[in-house]
Amino acid sequence: MSEEKSLNFIEEIIEEDLKNGKYKSILTRFPPEPNGYLHIGHAKSICLNFGLGIKYGGKTNLRFDDTNPVTEDTEYVDSIKDDIRWLGFEWANEFYASDYFDTLYEYAVKLIGKELAYVDDSSSDEIAALKGTPTEPGKDNRYRSRTIEENLQLFADMKAGKYQDGEKVLRAKIDMAHPNMLMRDPILYRIKHAHHHRTGDKWCIYPMYDFAHGQSDSIENITHSICTLEFIPHRELYDWLIEKLEIFPSHQYEFARLNMTYTVMSKRRLLQLVNEGHVTGWDDPRMPTISAFRRKGYTAAAIRDFCDRIGIAKRENFIDLSLLEFCLREDLNKTARRVMAVLDPVKLIIDNYEDGKVEELTTENGPDASMGTRIVPFSKELWIEREDFMEVPAKKWFRLAPGAMVRLKSAYIVQCDSFVKDGNGNITEIHCSYFPQTKSGMDDGSISVKGTIHWVSAAHAAEAEVRLYDRLFTMENPMDAEGDFKDTINPNSLEVIRAAYIEPSLTKARLDDRYQFIRKGYFCLDKDSTENKLVFNRTVTLKDAWAKEAKKG
RNA sequence: UGGGUUAUGGUGUAACGGCAGCACUACAGAUUUUGAUUCUGUCUGUCUAGGUUCGAAUCCUAGUAACCCAACCA
């Protein structure tokens, strides 16, 4: 008997609903507003909603909550669909709240007819003034007592375009003294003479979230409408409207949204980063958007695994970025092809190696033998990583240093004989001699070394631009910053290496390939690459035990 | 002088009155032709105070803390 994974609270509710026959099958939905790109927090919601559909043999709709035409755009619709598909999910139906505008209008008329809604001529400020505060009740205004007929006429006139933006609103008539602020006659419809990305200029009145979301759920017969914690106070209104409208009773359940270290997770703030040029766009690899993670080289499997591990609960959470990186490395370690690239090159010359000789050495593509092998050219002059040589070796150093020996990956063991410096004291050449009997695969075991370093043959190397990313913010929680969260932006979040040396096989890299540059991290080709210029993104570093050791001093 | 929600190691998440478990992180060690991977081990926890009970993270009472609610945003 294998151990059952424990259920989260929503799964418990669903299993109970299924068991007691409340529903024969479930229907969930993912309801993004098309006013920005999806981020990793949305991925949590997507995995939850679609995951539930799959787990319980139900279905999941994709529904765009497009009730505010001034902020919404088809660009966002397209990106959202791309991201969901890339994450690996299929929606049963693609719907839009705007599909229901006619029905929603009828619902509003019905509410007016039941004396449960009225047209209010107050300005935004006047409405706010009579709303009260969390600790003080609000007050009724004189428009509240309008007759059904008057309200019907006024509402029809609103729809007909007789009024300017902001001149009138339709409000539910509930209770201005209600302890829940959302029940103090919430606005249902407002006037916006704006072009809608789907309905065009047909409407000049648009329903508010509260008069669209629950109704859309109901129209679609959604059984479990799952949203984040901040909507808890809305649930009372959600249920009230369904009851008064006498429509299918969908139910709302709330879970805690994802928060993650070293990032911000609100569309508003992400939009700010884009608009103010702190990043190059929504898919800048430093962003926490799904498109950015994809561009940076993250895999959908890693993100799904992450969403699975963080769990679903109602308490506020603050997930360590390192958990996401763990999931990523775990996936990439199994699948990424190993290759060699030198990011910060220094020349290594093997003095006792024959001039002009080239050996084609065999090296493995990955730890799993099924990934096969390939050929890498080896010659007298190589590029190695500058940081793999220390003129005065540190304690526990087992890479190159004067007199020290290392293995060149898949090639020979070499010993450093001397080195050359330029006038500024920078090392320009490292001279070594090699030991023929230590050739990889034919090593006689006469010499053993602790360190193995990567290299690229200077004569055969190709050049590429490499972009190294670091966290976008310097503080674990940028929102804790004293001033603006943007004051904590990491000035070193992007380091561009104009000319790194890559092994010849990498010139055939494709956009979807995932590589491990041995000892340096995981990388992938960036979409900025051209025929003449390859650009690689660092997806994530490898764990680096030496960096820790070195820090100890 | 309002209403709502939540409190379990550094971070997440289990437990459904009966051994506080798992993962990440951190640390120590073994293996390693990647200081990666893999493997082994260690540290750290039930918000507080009372109560009920043979037995409480779980039930009760009273506190405390955090978060959400006063957009014609979603």
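Basis for what follows: all heavy atoms, side chains included, without hydrogens, waters or symmetry-related copies. Just so we're on the same page: letters track the sequence lines, and every chain starts at 1.
Here the CD-CG distance, from A/Glu11 to A/Leu52, works out to 6.0 Å after rounding to the nearest 0.5 Å.
One interatomic measurement links the two molecules: CZ of A/Arg399 to C1' of B/rU34, which rounds to 10 Å at whole-angstrom precision. As a whole-Å value, the separation of A/Asn333 CG from B/rA36 P is 12 Å. A/Met340 has its CE atom 19 Å from the P atom of B/rA36, to the nearest Å. Between the CG atom of A/Asn8 and the P atom of B/rA15 there is a distance of 10 Å, given to the nearest Å. Straight-line distance from the CD atom of A/Glu549 to the P atom of B/rA36: 11 Å, rounded to whole Å.
Using a 4.0 Å cut-off between a side-chain N of Lys or Arg and a carboxylate O of Asp or Glu, A/Glu254 and A/Lys314 qualify as a salt bridge. Using a 4.0 Å cut-off between charged side-chain N and carboxylate O, A/Arg407 and A/Asp443 make a salt bridge. Looking at A/Arg29 and A/Asp65, no side-chain N of the basic residue comes within less than 4.0 Å of a carboxylate O on the acidic one, giving no salt bridge. The existence of a salt bridge linking A/Lys192 and A/Asp165 is excluded, since no basic side-chain nitrogen approaches an acidic carboxylate oxygen closer than 4.0 Å. Electrostatic pairing of A/Arg309 and A/Asp305 counts as a salt bridge here, judged by a charged N lying under 4.0 Å from a carboxylate O. For the pair A/Arg471 and A/Glu476, the salt-bridge criterion is not met [side-chain N within less than 4.0 Å of a carboxylate O].
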- Message: Please encode protein proximity along nucleotides 66-74 of chain B as a string of B, S and -, counting only heavy-atom distances under 4.0 Å.
- Response: -SSSB-BSB
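Residues passing the side chain to side chain donor-acceptor pair (under 3.5 Å) test with A/Asp217, sequence neighbours excluded: A/Arg63, A/Ser225, A/Tyr238.
No hydrogens or angles were tested; on distance alone, nothing pairs the side chain of A/Arg519 with the base of B/rU34 as donor and acceptor under 3.5 Å. Residue A/Gln516 places a side-chain atom within donor-acceptor reach of the base of B/rU34, judged by atom type and a 3.5 Å distance cut-off alone. With hydrogens and angles ignored, a donor-acceptor pair under 3.5 angstrom links the side chain of A/Ser440 to the base of B/rU33.
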Expected rows: protein N/O vs nucleotides 26-30 of chain B N/O, under 3.5 Å:
| residue | atom | partner | partner atom | Å |
| --- | --- | --- | --- | --- |
| B/rC27 | OP2 | A/Lys548 | NZ | 3.2 |
| B/rA28 | OP1 | A/Lys552 | NZ | 3.2 |

Taking only N/O atoms, report every protein-nucleotides 7-11 of chain B pair under 3.5 Å with atom names and distance.
| residue | atom | partner | partner atom | Å |
| --- | --- | --- | --- | --- |
| B/rU11 | O3' | A/Phe318 | O | 3.0 |
| B/rU11 | O2' | A/Phe318 | O | 2.8 |

Please list each protein N or O that sits under 3.5 Å from an N or O in nucleotides 16-18 of chain B, with the distance.
| residue | atom | partner | partner atom | Å |
| --- | --- | --- | --- | --- |
| B/rC16 | N4 | A/Glu12 | OE2 | 2.3 |

- Item | Secondary-structure notation, RNA chain B, from Watson-Crick and G-U pairs under 3.5 angstrom (| other strand) | .((((((..((((....[..)))).(((((.......)))))....(((((..]....))))))))))).....
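Under the 3.5 Å distance criterion, with hydrogens and angles disregarded, no donor-acceptor pair is assigned to the side chains of A/Ser123 and A/Asp125. Judged by distance alone, the side chains of A/Asn68 and A/Asn35 never bring a donor and an acceptor atom under 3.5 Å apart. With hydrogens and angles left out, the side-chain atoms of A/Asn61 and A/Glu220 include a donor and acceptor closer than 3.5 Å.
Residues A/Tyr189 and A/Phe155 place their aromatic rings such that the two centres sit under 6.0 Å apart.
Across B/rC73 and B/rG10, the matching C1' atoms stand 36 Å from one another, rounded to whole Å.
In this entry the base of B/rA71 is syn relative to its sugar, with a glycosidic angle within 90° of 0.
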